[in-house]
Asks: 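Before I ask anything, let me first share the structure, which is written out below as structure tokens.
Read the numbers this way: they start at 1 and go in the same order the structure lists the ligands and their atoms. Small disclaimer: the values here were computed from a predicted structure and weren't measured.
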Amino acid sequence: MSSNYSAKDIEILEGLEAVRLRPGMYIGSTGKTGLHHLLWEILDNAIDEAMNGFASHIQVTLHSDGQSMTVSDDGRGIPVDEHPVAKESVLQVILTRLHAGGKFNNNNYKTAGGLHGVGSSVVNALSIDFKVHVERDGGIFEQRYSQGIPQTKVTRVGNSRLTGTTIFFRPDPEIFPETTFEPDLIRERLEIKAYLLNGLEITWNDHVNNTRDTFRFSGGLTDLVAHLIESGKTEKIHGDFFTMSRDDEQGRFNVALCWCDVTREVTQSFVNAIPTPDGGTHEQAMRDGVQRALKAYMDAHALIPRNVTVAAEDIREGLFSAISLFISNPQFQGQTKGRLGNVDIRTWISNAVKNELDAFLTSHPKASQVIAEKVVIAAKARQASKQAALNVMTQSVRTSRKLNLPGKLAECSSNNPAECELFLVEGDSAGGSAKQGRDRRIQAILPLRGKVLNAETAGSGKVGQNKELCDIANALGCALGKDCTLDHLRYHKVILLADADSDGHHISTLLLTFFYRHLRPLIEAGCVYIGQPPLFRVDIGKKTYWVLDEKERDALLKKNHKKIEDVQISRFKGLGEMMPQTLYETTLNPATRRLLRVEIAQGDEEITESVVSELMGRDPEPRFRFIMTHADEAENLDF
Ligand code: 1YM
């Protein structure tokens, strides 16, 4: 560092200060996930070095206090010579500047993802103690930091003929409420990385539990699938695994799979060596390729009995698979960014898997026979009951339609549309409570931000381009307007959930206008509902009641007038205020909630039409007239 404090130094300090002020922006949170994110960042830099072919061994050590870590690799070592522009050591540039790193190059897909080399400066800024040790150019170099501020210069402390980088860091307790690392979480991640990076040796030293493991797999994904089979306590039904890899201008990927003696399907997918637990386009494309290859093989060899039809899920029964994809522009979606969204890679992966699996099936006739028999048994079992067949049919519709789901949709796990419900929830905070409080099996949540577009004044073109409204249609599995059918409907109930105030009513009205104009078959089929959250909580003695409105509250008080001295009444300002559990009990739980079904009054279709167009239309005059005529019917106006 130059001796006088230059504008450049101030800029750097401001950069790292920004990280300390808003750590969540850089590492997601300051909770357990954020704490471990620090480790993943440093680890990913070491892994990048291995993926680029320069490192073959990585050591990760959790120190005995459980609150500090060391990661080292035997790569080239971070450069220590003077940066030509910054006029200070490249090492210091890397550790103090937010966007320093030689890895932004977009053509280079060989990056572990994460923050792409930005990571080390972020970890440095958020550590109370940070030491870097580099062996390179015949020397050993060291430097120490605290909270991102250099405590020493980059100093040559000895000679070495080896090369590599070692980083020690202790997360800053001023930033992280909890600074204890979780050994199991780390161990699992390291093991997975070793499966994905064939031949890389990762040593895990856990000085809290005094254990040491070395992970090194030469079989790559095959070893991972074998591990899944072993921990799933099952066995392959055929000899060889199917494996394949592709490496071309789109990126590269590996697949390993086999069929096992169970009915469930087990899949693990990764992008740039990062797990995608919620799947995505790569996982779906692999499945698609598998299904097409097997179906084609069975058709060509007349392996499907006359009275049997094979469905996609018959093929997937017992399928154990893994896909690891490396691409330069991964787009992660979903609440926890656990799903890949890139559509450009779909055909590439699906066709490659289809072609390679075609060849595998042809060259392994015995295995193909056994797999085909299993598929036929699955298909027969499915067809055995008409009801089951019906369920399964809708199931396959549901899964194949999952491709375009909006990122913020919290999906339910059931695949049977008849029991599934979609809640459209106003606001992120209410959306969050609903996600936590819901019955994950059958209830999906789509949070909506603020007022949606007024479909009455916007015109079909604008509606078709509106993300929020298209998200709703995509989640439901319906097209808009005259193309809207219920054939692929993914939920048989869609429930609007807004606060019981004027803003909430406005949003419900806008949504109903959208449904009425563009998704009318849903209303006609009786699938659209309005949720009714309670307005009051009334505690009488030890008992709690949730009541819908003033009328109900007064009735309740009248009935309990004897115990009236022991009464507490509170009014909810909004759904976001309710604890998830309370929201479930009062508003989501099918057994106790109250819903209004939206209907177009029989024989009054014309009236409905004119009310919608007048009240939601561009011309304010009819709205004014309506308000003036109906003003005396209104109660509880909320301004
Ligand atoms: C324990 C963490 O960070 N290893 C590491 C980082 C780098 C290199 C080698 C490296 C990269 C390159 C050239 C390059 C980094 N270098 C840079 C930068 N382990 C760990 N090992 N020489 C060495 O990418 O061209 C950023 S990270 F920017 F200096 F090149």
Asks: Once you restrict to heavy atoms under 4.0 Å, what part of Arg136 touches ligand 1? Side chain, backbone, both or neither.
Replies: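 It is the side chain that gets close, since no backbone atom is under 4.0 Å.
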Asks: As an exercise, identify every atom of ligand 1 less than 4.0 angstrom from a heavy atom of Ile94.
Replies: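 Counting from 1, the qualifying ligand atoms are 17 (C), 18 (C), 26 (C), 28 (F), 29 (F).
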Asks: Using 30° and 60° as the class boundaries, would you call the ring planes of Phe253 and Trp348 parallel, tilted or perpendicular?
Replies: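 It falls in the perpendicular class, over 60°.
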Asks: Enumerate the atoms of ligand 1 whose separation from the nearest heavy atom of Ile42 is less than 4.0 angstrom.
Replies: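 The list of qualifying atoms is 1 (C), 2 (C).
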Asks: Under 4.0 Å, heavy-atom basis, I'd like to know which part of Val90 is in contact with ligand 1: side chain, backbone, both or neither.
Replies: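 The answer is the side chain.
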Asks: Do the ring centers of Phe141 and His133 come within less than 6.0 Å of each other?
Replies: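 No - the distance between ring centres of Phe141 and His133 does not fall below the 6.0 Å cut-off.
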Asks: Are Lys236 and Phe241 in a cation-pi contact, defined as NZ or CZ under 6.0 Å from the six-membered ring centre and within 45° of the axis?
Replies: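 Verdict for Phe241: a cation-pi partner in Lys236.
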Asks: Tell me whether ligand 1 is touched by Gly77 - counting only heavy atoms on the residue side and a distance under 4.0 Å.
Replies: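 Contact present.
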Asks: Hey, looking at atom 19 (N) of ligand 1, which of Leu91, Asn45, Val132, Asp73 has the closest heavy atom?
Replies: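 Nearest option to atom 19 (N) of ligand 1, by heavy atoms: Asp73.
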Asks: Taking the six-membered ring of Trp40 (Phe, Tyr or Trp), confirm whether the NZ or CZ of Arg189 is under 6.0 Å from its centre and within 45° of its axis.
Replies: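 Pair Arg189/Trp40 counts as cation-pi.
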Asks: When the side chains of residues 80-87 are checked against the rest of the protein, which donor-acceptor pairs come out under 3.5 Å, sequence neighbours left out?
Replies:
from, atom 1, to, atom 2, distance (Å)
His83, ND1, Val85, N, 3.2
His83, ND1, Ala86, N, 3.1
Lys87, NZ, Pro84, O, 3.1

Asks: Heavy atoms only: which of Arg76, His133, Glu49, His83 is nearest to atom 24 (O) of ligand 1?
Replies: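 Answer by nearest heavy atom: Arg76.
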Asks: Do Phe168 and His63 have ring centres separated by under 6.0 Å?
Replies: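 Ring-ring flag for Phe168/His63: true, centres closer than 6.0 Å.
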